[in-house]
Amino acid sequence: MQNSAYYAVNIQPCIAAGEEARVLTEVPVKLTVFDRRLAIVSMSSVEAESNESLLLVRSSSLLTALLGLFETAWSSGYPMHLSAQVPPALRPLQRRILELLGTGVTDDTIAQLLGVSRRTLSRHMEQLYLVAGAANRFQLALYAARKKWI
């Protein structure tokens with residue numbers, strides 16, 4: 001999330017195309033699952049620098065365990081996409097701010113990912129607080145969750 005170039009090229013277009021994405025602060029393994037029939041496991045980013053190996057897992061008890069790991073991680077992750085219930089009155093930038101707030105990244109990172117200054121981000125945040133009747137980020141997140149915006 002903190003690599004704005006990677007985010008802009010690899011994540012944001014997929015979300016805009018309708019893909020559901022979630023984020024976690026930490027995952028135990030890098031895992032890709034295909035049609036619940038095949039999984040690819042790679043090393044963590046630290047280990048990958050010294051070891052470029054991948055593990056290909058086909059139908060087996062290991063695949064079943066990896067599917068369980070994926071489902072658990074998915075359900076505990078934070079959505080990076082907005083619900084269709086987000087009011088159209090919100091500007092596209094405000095919609096993106098709500099998405100990024102849910103990921104838990106800092107305001108500095110949000111501003112960087114959106115290509116705006118911290119001051120501009122603060123102005124948009126104030127407008128969101130006003131729409132939600134919120135006094136802080138926590139209240140804004142609660143409001144957005146209750147309204148099923150995120």
Side-chain angles (χ1 to χ4, degrees), residues 1-52 54-55 65-150:
M1 283 300 303
Q2 294 188 1
N3 181 335
S4 59
Y6 182 86
Y7 178 81
V9 172
N10 295 292
I11 298 172
Q12 193 171 15
C14 294
I15 293 171
E19 180 178 306
E20 290 187 34
R22 292 182 176 238
V23 65
L24 288 167
T25 55
E26 187 176 327
V27 291
V29 65
K30 292 174 76 174
L31 173 65
T32 305
V33 177
F34 301 94
D35 295 330
R36 304 183 64 83
R37 290 186 284 176
L38 178 70
I40 296 176
V41 180
S42 58
M43 302 294 129
S44 70
S45 58
V46 173
E47 294 167 329
E49 291 177 15
S50 61
N51 183 352
E52 296 180 9
L54 295 174
L55 175 63
L66 291 171
L67 291 172
L69 172 64
F70 175 84
E71 293 299 334
T72 300
W74 180 265
S75 64
S76 62
Y78 297 101
M80 291 182 61
H81 58 281
L82 293 178
S83 163
Q85 297 184 31
V86 176
L90 290 182
R91 295 184 187 115
L93 186 61
Q94 292 171 318
R95 295 171 62 97
R96 296 288 305 126
I97 290 169
L98 283 174
E99 289 176 346
L100 292 170
L101 282 174
T103 68
V105 295
T106 65
D107 286 355
D108 288 333
T109 301
I110 292 172
Q112 180 186 11
L113 289 170
L114 297 175
V116 300
S117 70
R118 277 283 278 119
R119 189 161 192 262
T120 298
L121 176 64
S122 294
R123 282 197 310 269
H124 285 288
M125 291 286 294
E126 288 300 321
Q127 290 171 348
L128 286 168
Y129 291 149
L130 187 61
V131 167
N136 55 48
R137 288 172 76 134
F138 180 73
Q139 289 177 351
L140 177 60
L142 282 177
Y143 182 86
R146 284 183 184 141
K147 293 292 186 177
K148 299 192 185 319
W149 292 359
I150 54 174

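Quantities reported herein were computed from a predicted structural model and do not represent experimental measurements. Every heavy atom of this structure was used, including side-chain atoms; hydrogens, water molecules and symmetry mates were not.
Contact record, L31 with L66: CD2-O, 3.6 Å, taken as the closest heavy-atom pair. The shortest heavy-atom contact between A8 and P13 is O-CD, 3.1 Å. Shown here for L98 and A144, the closest heavy-atom pair between the two residues is CD2-CB, 4.3 Å. L121 and D107 make their closest contact through CD2-O, 3.2 Å (heavy atoms, listed as atom of the first residue, atom of the second, distance). Across every non-hydrogen atom of Y143 and A132, the tightest pair is CD2-CB, 3.3 Å.
The backbone N or O of V105 lies less than 3.5 Å from no partner atom in the side chain of T109, so there is not a single donor-acceptor pair.
The side chain to side chain contact (heavy atoms under 4.5 Å, CB included) search around S117 returns R119, T120, not counting sequence neighbours. N136 meets the side chain to side chain contact (heavy atoms under 4.5 Å, CB included) test with F138, Q139; sequence neighbours excluded. Scored by the side chain to side chain contact (heavy atoms under 4.5 Å, CB included) test, L38 finds F34, L56, R58 as partners (sequence neighbours excluded).
Applying the 6.0 Å contact sphere to CZ of R137 captures more than 12 heavy atoms from other residues, nucleotides or ligands.
Contact of the K30 side chain with the V41 side chain is not registered, since no non-hydrogen atoms from C-beta on lie closer than 4.5 Å. Side chains of I40 and V33 form no contact here, defined as non-hydrogen atoms less than 4.5 Å apart. Side-chain contact between M125 and L101 is present, with at least one heavy-atom pair separated by less than 4.5 Å.
The distance from the CD1 atom of I97 to the CZ atom of R95 is 12.5 Å, given to the nearest 0.5 Å. Here the straight-line distance linking atom CZ of R36 with atom CZ of F70 works out to 9.0 Å at 0.5 Å rounding. In this structure, L100 CG and Q112 CD are separated by 11.5 Å, a value rounded to the nearest 0.5 Å.
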Original post:
Run the side chain to side chain contact (heavy atoms under 4.5 Å, CB included) check on L113 and Q12 step by step: do they pass?
Top reply: CA-CA 10 Å; L113 289 170; Q12 193 171 15; over 6 Å; no

Original post:
Going through the distances and angles, do L69 and V27 end up as a side chain to side chain contact (heavy atoms under 4.5 Å, CB included)?
Top reply: CA-CA 10 Å; L69 172 64; V27 291; over 6 Å; no

